[in-house]
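Worksheet: the structure to be examined is printed underneath.
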Number of protein chains: 2
Amino acid sequence: MDKLQLPTLEDVARQAQVSTATVSRCLSRPETVKDTTRERVMQIVSELGYTPNFGAQAMVARRTNTIGAVIPTMDNAIFAKGLQAFQEEISKQGANLLVASSSYRKDLEEKQIRSLIARGVDGLLLIGDDRDEEIYAYLEKRQIPFVLAWNYREASSRTYVGFNNFQASYDMAKLVVEYGHTHIAMIAGITEGNDRALDRLAGAGEALIDSGLPRDNFTVTESKYDFDAAGNAFEKISGLGRPPTAIICGNDVLAVGAILRAKTLGIRVPQDISITGFDDIEISTIVEPGVTTVHVPHRRMGTSAASVLFKALQEQKTRSRKFETHIVKRQSLCAPSGPP
Amino acid sequence: MDKLQLPTLEDVARQAQVSTATVSRCLSRPETVKDTTRERVMQIVSELGYTPNFGAQAMVARRTNTIGAVIPTMDNAIFAKGLQAFQEEISKQGANLLVASSSYRKDLEEKQIRSLIARGVDGLLLIGDDRDEEIYAYLEKRQIPFVLAWNYREASSRTYVGFNNFQASYDMAKLVVEYGHTHIAMIAGITEGNDRALDRLAGAGEALIDSGLPRDNFTVTESKYDFDAAGNAFEKISGLGRPPTAIICGNDVLAVGAILRAKTLGIRVPQDISITGFDDIEISTIVEPGVTTVHVPHRRMGTSAASVLFKALQEQKTRSRKFETHIVKRQSLCAPSGPP
DNA sequence: AAAAATTATGTAAGCGCTTACATTGTGGTG
DNA sequence: CACCACAATGTAAGCGCTTACATAATTTTT
């Protein structure tokens, strides 16, 4: 069977005995058409099950009412919550969301961005800001409004909707020090192409230096965001000659992965070693001990990203939006139990 | 500043001193153009940063290379994993994914489906099959290929890519009975508009009847998919005159919610009461005790849904694809500890 | 080397819609 | 009742692209 021939504006016009212009007006600005005519037209429209052709409409309107989003992965509670909220807001505004994922790979992300633009998205949601200048230039050139989410930078001409990863991580590290820890490790996310991971690493590092701890007391490992990889990183760290008394993790997945492995190894958290997380996703409350972590307002951030983007679409200008984070204390962090 | 005037095919053609047809061919079927010409054209294309206009292309090609998906929510590991895999496959095929969520509401789902179709999606991914006949008629009329995922029905003309929720739940209930439980409750998902939840409820019910248990020994509560609601359901059940010794939960979120509340109430799982889940999402392995649950191959299902859809797009016919599930035994289910 | 076959390119007709502008209809004014 | 203002509708020119078909260039065949 052939691709069905859908009814066109002209079909409606013919049957309603009016011109295509009138039908078009009935649909887009009904108040400009006489009541009796409009009723007759709309009758035919629904009779025929007419729906305007998207391509044609997009072509002449020069917009698609579609927003694109490129996120590292959907399969991760960190982005899922925010993205869901983003989508809801988009939908509320009568637009649609085109999603692509980059698997945390710069090259793939660039490909996805270009693809979404070729698909005619009106605006873009991107995560973080670590990408080639060339991409920004392209975005600029094509005049595509975009917002950078999940991070925030004070002095920047770009539009951010997020929080200060550096500061939040700094605060967490300071807290760990306040608890009395002097030998600290960090399991960071892969920092390559991930400004959030890098900022969190840098923030923690600076806090420890500011606290006067010798550099040697701070060990850093990078790990992929999965339980097993984090577990391996934990195992390596805990096997060190003089293991740290606390591990700051770049996010909750890493923290939970570390805790799970600790259990396997018979290491008690937090008595033997403290562990902290970042993001405050669900699993942090489920694992035992609960993870002391940085709470991030995922949903509000997603919703806000959408509204900022819409504002950019209507007016020309936008302003960044900064969210505050705070530390949620659970059980995975406590004071070190003295020298072994 | 005005909307930037992007370069068109004609701009490229003029600068490369060829016709628009040649430029178009360079882009779509490069092998039909002489090497020297093609190189000259491509040079200009990249110089101008030309990207074909989506609307125009879609209009004449009568396809958008876009697949739509309407899922209950992205903010839930159940769909996130599968959707991510679905998206990856779509992307591999050079198409894009348009996502919408229905919040488990039939009316919203219908709206989203219509909206996606108006946006010109070439095919659709839908979850389950409980929706008005009218929608199927519409899909049929517009000849939009679609697959129904996360469920599977033997005798149906529609295309399913999923598993037998009824059977899987039946098996789980049978297992619970085998362990020796005779008083059993179920915390089901909201079954209204959710065939998976309904099938799981029905499957468990039938298993208990087949096992010869009196109907009165089986209590059913429906609950939203969140920890707190599930916790409330658990509390209600555990407060009954003669509480059941096992609770079969419609999915893992419900099971974990129940376990969490049990802890709060000082009820031991599984010693005092056994709890089972469904879906085998991450949290089932993290919570203590680990949840005995039905493992579902989320990623394979997502990938498969995409390929089935592409096959539908190319040829006309598709076949459903059934996945097998199996029970993963963890610690939340054990034999009842004898009469209280 | 001319004819035939093959390859490369150009011409132009749409695809379905919106909208500026032109035309026609309607009712109010002097 | 001629004239004007305004409302309702129609006409037709694109929007940027693909592609069938026509034409020109090149290679193969005899």
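Quick caveat: nothing in here was measured; it's all calculated off a predicted structure. Quick note on labels: first sequence line is chain A, next is B, and so on, each numbered from 1.
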Rounding to an integer number of Å, can you tell me how far [X] [atom1] sits from [N] [atom2]?
X       : N      : atom1 : atom2 : value
B/Leu6  : D/dG16 : CG    : P     : 9 Å
B/Arg29 : D/dT19 : CZ    : C1'   : 8 Å
B/Glu39 : C/dT9  : CD    : C1'   : 17 Å
B/Leu9  : C/dG10 : CG    : C1'   : 14 Å
B/Arg63 : D/dC17 : CZ    : P     : 18 Å
B/Tyr50 : D/dG16 : OH    : C1'   : 7 Å

**Report entry** Note: A/Asp129-A/Arg153 ion pair, threshold 4.0 Å (strictly below)
**Finding:** yes
Query raised in the report: Do A/Lys106 and A/Asp130 pass the salt bridge (charged side-chain N to carboxylate O under 4.0 Å, His left out) test, and can you show the C-alpha distance, the side-chain angles, and the key distance before you say yes or no?
Result: CA-CA 9 Å; A/Lys106 264 186 172 176; A/Asp130 186 359; 3.3 Å; yes
Query raised in the report: Honestly, is B/Arg114 close enough over B/Tyr138, meaning NZ or CZ under 6.0 Å from the six-membered ring centre and within 45° of the axis?
Result: yes
**Report entry** Base versus backbone protein contacts along nucleotides 7-15 of chain D [heavy-atom cut-off under 4.0 Å; B, S, -]
**Finding:** -SBBBB--B
Query raised in the report: What is the ring orientation for A/Phe79 with A/Tyr104, classed by angle as parallel under 30°, tilted 30 to 60°, or perpendicular over 60°?
Result: tilted
Query raised in the report: Excluding sequence neighbours, so at least two apart, what forms side chain to side chain donor-acceptor pair (under 3.5 Å) with B/Arg131?
Result: B/Glu109, B/Tyr136
Query raised in the report: Looking for any heavy atom pair under 4.0 Å, which part of the strands does A/Phe54 touch: base, sugar-phosphate only, or nothing?
Result: nothing
Report task. Taking only the side-chain nitrogens and oxygens of A/Gln57, find out if one of them lies under 4.0 Å from OP1 or OP2 of C/dG16. Result -> no
Query raised in the report: Is a side-chain N or O of A/Arg321 found less than 3.5 angstrom from the main chain of A/Val161, in a donor-acceptor match?
Result: no
